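Following: one structure in structure tokens, then a few remarks.
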2 protein chains.
Amino acid sequence: MLLKDKHLTLTRKITFMKKPTIKDVAKLAGVSFKTVSRVVNQEQNVSEEVKLRVQECIKQLNYQPNHTARVMRKSPFSLAFVYDNPNSHYVIEMQNGIISECRKQGFELVIHPTDSRSEEVGKELAAMINSSQIGGIILTPPLSENRELVTFLLNRDAKVVRILSGASAPDNLAPVVHVDDVEAGHKLTSYLLELGHKHLAFLGYHASHESSLGRLQGFKDAHEEVGARVDKNLIVDGEFTFESGMAMTKQVLSMSPRPTAIFACNDEIAAGAVFMARLKELRVPEDISIVGFENSPFSTQTWPHLTTVNQPNFEIAAAAAAMVIKMMQSKDVHSVDSSGFTLDVVLRDSASKPQNDK
Amino acid sequence: MLLKDKHLTLTRKITFMKKPTIKDVAKLAGVSFKTVSRVVNQEQNVSEEVKLRVQECIKQLNYQPNHTARVMRKSPFSLAFVYDNPNSHYVIEMQNGIISECRKQGFELVIHPTDSRSEEVGKELAAMINSSQIGGIILTPPLSENRELVTFLLNRDAKVVRILSGASAPDNLAPVVHVDDVEAGHKLTSYLLELGHKHLAFLGYHASHESSLGRLQGFKDAHEEVGARVDKNLIVDGEFTFESGMAMTKQVLSMSPRPTAIFACNDEIAAGAVFMARLKELRVPEDISIVGFENSPFSTQTWPHLTTVNQPNFEIAAAAAAMVIKMMQSKDVHSVDSSGFTLDVVLRDSASKPQNDK
DNA sequence: CTTTTTGTTGTCAACGTTGTCAATAATAAA
DNA sequence: TTTATTATTGACAACGTTGACAACAAAAAG
């Protein structure tokens, strides 16, 4: 019994063993701990021989630099993702994109959901930067559109990357990852026009929502390009929700001439539109074509699957993360350029040629 | 011009001013920095007078303890949320619940999406604990069901809280937040039976999915309670997706007698069921009642809105977070009890009395 | 052969905090 | 009043790491 206990204690000791530090590695390799630090940080001026030996010891001890100590001594190794977005799927994809980049580069992500309408958002973020030693921040709309906030953060010495979409020209406050909603709206509309649709409805216009403005701009541009007329009555104001999609669709279906195609500003609206069309005994796409935007799960959680525009959120976020990290690493802040993403149409089954085509 | 430049530099200096440290506060208050530390940590034995003065200075300088330094010196102040769940909405709600608790208590959250099927998941988590100085971990299904993994983590000296649902009896490995799927499935089924339905279909059984097992158990229990018979053919195996929901519904609708009510194992299946019912020219709920589970956004993104079971993910997550934090703070690990959540039915419009009731 | 340059390695302080323990002041007990 | 006790405060080391700089060895230049 006593023996067994002893054995247990021993095993415990082994499994509970302290995490190895840089000094443990140094002792094992027979060098000063500073040399190990050099190897770990891939600094110059370490002889090949020593480097190999140290790397061997690192592997052997399964040593991992202590993030915390590193951050304290050196520059921050964490970045924050700040968002205020009701769309879970969007947020998760962004998070995953950022995390994938962070893992590659040994950085850490702090997520910070917030309320963009709050007066306190600036203070709140400042506090977060402060206490969590955040070096960089990724902002999504609508926070990224808030110039005042961006300036405030820049003044706190944080690197900021803004993810922006929509029509408004980007300023030079901070690097931007721009999502070209205008062009995407243009492409998608052109597709519908080329199918032969003459009366397109645009659902989900929202004056304060940059993305919707961009998409609408593209919608108009595409019409203009082929000399088609945009019917102002078919541009409907509404929320980005299923319910609103149903309501807006009900409204446009009662108009005459009835539109043969619906450009929904996002997939959720489109899903609502599909549902309402069905309630009105219209077949999709035979009687009415409906397209969405975002390529969110909604687009395949309705029937038929939605033709939509793919928004590569993962990649966008990863790009933003790569930018912040680059900014954090180089002293020269303004060496980082903004980047842009163009979006592609995903053809599925909710749009086709109008049936009673003349 | 020169003067203006000078002024600019000055303003900059002010805005860029270094974050105040505990020593700055100490100097201002005329005490040693250790005393400030005591005030910050609400330790005993600080005279009321000094305490007030220090607090005043803290406010004045807008001092915030440096999380990083704290973690390094003391115990960890971060916890990790580890998940492998395709359901964005679920993950976001959980995250928000945990964050709300973390903010209250000054802790930090590290999110860690992972692949539960990977062989490396243990190693991966160990590395994370190590480098990020994680003190506690919250696991969700299916990771939380993996006893081996839990043991492994416990051996790494991490506090673990598991969120579990389903029918299987919890073990005593680590504290658990248990979600009572069985009882909820029972309640929801009883509701349908009380409405007068005789033929209920159960969609989304999945042998390896604890939640579905629990819900099915409740489904059976409720039948047994009132002496009703469960038709085995109406228990359909399938994924938790819209598409699978459509397919399973198609299958049960072709059976005879046709079920008058469908118990879908989650809202997504239910949404697919509603859609299929509609395709088959059945009205919901007049011709067929359909209920979901989870109260996810899907439940209101279909028409009619789904009667479902509310799963308070935010609260569940917050409870789990509170537990881990408590465990991290007290040395006495096993003072923390497990806790359980019961779920409530949300009555909406997708279920009613069967119409051709005898 | 000496001097300079270059490359490699080590020593030490510092980051901002908390734990330990000693020093002092205030209070209670003798 | 003196002593013992307690409450308050401070000095200092430590956590694991990196930056600055010094020390040394080797190679190049004179």
Side-chain angles (χ1 to χ4, degrees), chain A residues 18-54 57-58 61-78 106 108 129-135 157 328-329 331, chain B residues 18-54 57-58 61-78 106-108 129-135 328-329 331:
Chain A
K18 270 257 163 184
K19 291 153 193 169
T21 75
I22 205 169
K23 289 185 184 175
D24 298 322
V25 178
K27 205 179 288 173
L28 185 64
V31 294
S32 83
F33 68 96
K34 177 70 229 202
T35 303
V36 178
S37 170
R38 277 191 261 264
V39 173
V40 170
N41 293 289
Q42 309 188 48
E43 284 174 34
Q44 325 275 9
N45 300 336
V46 183
S47 69
E48 201 60 26
E49 180 216 338
V50 172
K51 191 158 131 192
L52 285 171
R53 194 165 78 239
V54 169
C57 296
I58 287 177
L61 292 182
N62 194 23
Y63 164 75
Q64 276 204 296
N66 182 318
H67 187 94
T68 314
R70 253 182 159 176
V71 169
M72 194 164 85
R73 195 58 194 85
K74 213 183 169 180
S75 50
F77 265 78
S78 301
E108 203 157 90
I129 295 174
N130 209 329
S131 79
S132 300
Q133 303 293 99
I134 298 291
D157 218 3
M328 284 165 71
Q329 282 171 339
K331 309 289 154 196
Chain B
K18 270 258 162 181
K19 292 152 191 169
T21 75
I22 205 169
K23 291 185 183 175
D24 298 322
V25 178
K27 206 179 287 173
L28 185 65
V31 294
S32 83
F33 68 96
K34 177 70 228 204
T35 302
V36 178
S37 170
R38 277 192 260 264
V39 173
V40 170
N41 292 287
Q42 308 188 50
E43 284 173 35
Q44 325 276 8
N45 301 334
V46 184
S47 70
E48 201 60 26
E49 180 215 337
V50 172
K51 190 159 131 191
L52 285 171
R53 193 164 80 242
V54 170
C57 296
I58 287 177
L61 291 183
N62 193 22
Y63 164 76
Q64 276 204 298
N66 181 317
H67 187 94
T68 313
R70 252 182 160 177
V71 169
M72 196 166 83
R73 195 60 193 87
K74 212 182 170 181
S75 51
F77 265 79
S78 301
F107 274 62
E108 203 157 90
I129 295 174
N130 208 329
S131 78
S132 300
Q133 302 293 98
I134 298 291
M328 284 164 72
Q329 283 171 339
K331 310 289 155 199

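None of these values were measured; they are calculated from a predicted model.
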Inset, instruction - Please say whether more than 12 non-hydrogen atoms of neighbouring residues, nucleotides or ligands are located less than 6.0 Å from CD in A:Gln42. - result: no
Inset, instruction - Describe the nucleic acid contact of A:Val50 in one word from base, sugar-phosphate, nothing, applying a heavy-atom distance below 4.0 Å. - result: sugar-phosphate
Legend entry - Nearest-angstrom distance from the residue atom NE2 of A:His67 to P of D:dT18: 12 Å
Inset, instruction - Look at the side chain of A:Lys23 and decide which nucleotide, out of D:dG16, D:dT17, C:dT17, has an atom nearest to it. - result: D:dT17
Inset, instruction - Apply side chain to side chain contact (heavy atoms under 4.5 Å, CB included) to A:Val54 and A:Ile58, showing your working. - result: CA-CA 6 Å; A:Val54 169; A:Ile58 287 177; 3.9 Å; yes
Inset, instruction - With the side chain of A:Pro65 defined as its heavy atoms from C-beta on, choose the nearest nucleotide among D:dA11, D:dT17, C:dT17. - result: D:dT17
Legend entry - B:Asn41 side chain, from C-beta outward: closest of D:dT9, C:dT18, C:dT9: C:dT18
Legend entry - Side chain proximity check, B:Arg70 to B:Val40, heavy atoms < 4.5 angstrom: yes
Legend entry - Flag side-chain contact, heavy atom, 4.5 Å: B:Lys34 against B:Arg38: yes
Inset, instruction - Classify the side chain of B:Arg38 and the base of D:dG10 as holding, or not holding, a donor-acceptor pair under 3.5 Å. - result: yes
Inset, instruction - From the options D:dG16, C:dG10, C:dG16, select the nucleotide whose nearest atom is closest to the side chain of A:Ala69. - result: D:dG16
Inset, instruction - In whole angstrom, give the distance that lies between atom CD of A:Glu43 and atom P of C:dG7. - result: 15 Å
Inset, instruction - Tell me what B:Val40 touches on the nucleic acid: a base, only sugar-phosphate, or nothing, going by heavy atoms under 4.0 Å. - result: nothing
Legend entry - A:Thr35 vs C:dG10: side-chain N/O to OP1/OP2 distance below 4.0 Å: yes
Inset, instruction - State whether A:Ser32 places a side-chain N or O below 4.0 Å from either non-bridging phosphate oxygen (OP1 or OP2) of C:dG10. - result: yes
Legend entry - Closest heavy-atom pair and its distance - B:Val71, B:Gln133: CG1-CB, 3.7 Å
Inset, instruction - Just call it for A:Phe77: base, sugar-phosphate, or nothing, with non-hydrogen atoms closer than 4.0 Å on any strand. - result: nothing
Inset, instruction - Ignoring hydrogens and angles, answer whether the base of D:dT17 and the side-chain atoms of A:Arg70 contain a donor-acceptor pair closer than 3.5 Å. - result: no
Legend entry - Value in whole Å for how far the P atom of D:dG16 lies from NZ of A:Lys34: 17 Å
Legend entry - Gap between atoms NZ and P, on A:Lys27 and D:dG16 respectively (whole Å): 12 Å
Legend entry - Worked check of side chain to side chain contact (heavy atoms under 4.5 Å, CB included) between B:Ile22 and B:Val25: CA-CA 5 Å; B:Ile22 205 169; B:Val25 178; 5.5 Å; no
Inset, instruction - Please state how far atom CG in B:Asn66 lies from atom C1' in C:dA14, giving the value in whole angstrom units. - result: 14 Å
Legend entry - A:Phe33, nearest nucleotide to its side chain (from C:dA13, D:dT9, C:dT18): C:dA13
Legend entry - Among C:dG16, D:dT8, D:dT18, the one nearest B:Asn45 by side-chain distance: D:dT8
Inset, instruction - Report the nucleotide, chosen from C:dT17, D:dT17, D:dT9, that has the shortest atom-to-atom distance to any side-chain atom of B:Ser47. - result: D:dT9
Inset, instruction - Remember a base hit wins even if backbone is also touched, and classify B:Val31 as base, sugar-phosphate or nothing at under 4.0 Å, heavy atoms. - result: sugar-phosphate
Inset, instruction - Could you tell me the separation between the CD1 atom of B:Ile22 and the P atom of D:dT9, rounded to a whole number of Å? - result: 15 Å
Inset, instruction - Would you kindly give the CG-to-C1' distance between B:Asp24 and C:dC15, to the nearest whole Å? - result: 13 Å
Legend entry - Atom-pair distance (NZ on B:Lys51; C1' on D:dT9), nearest Å: 15 Å
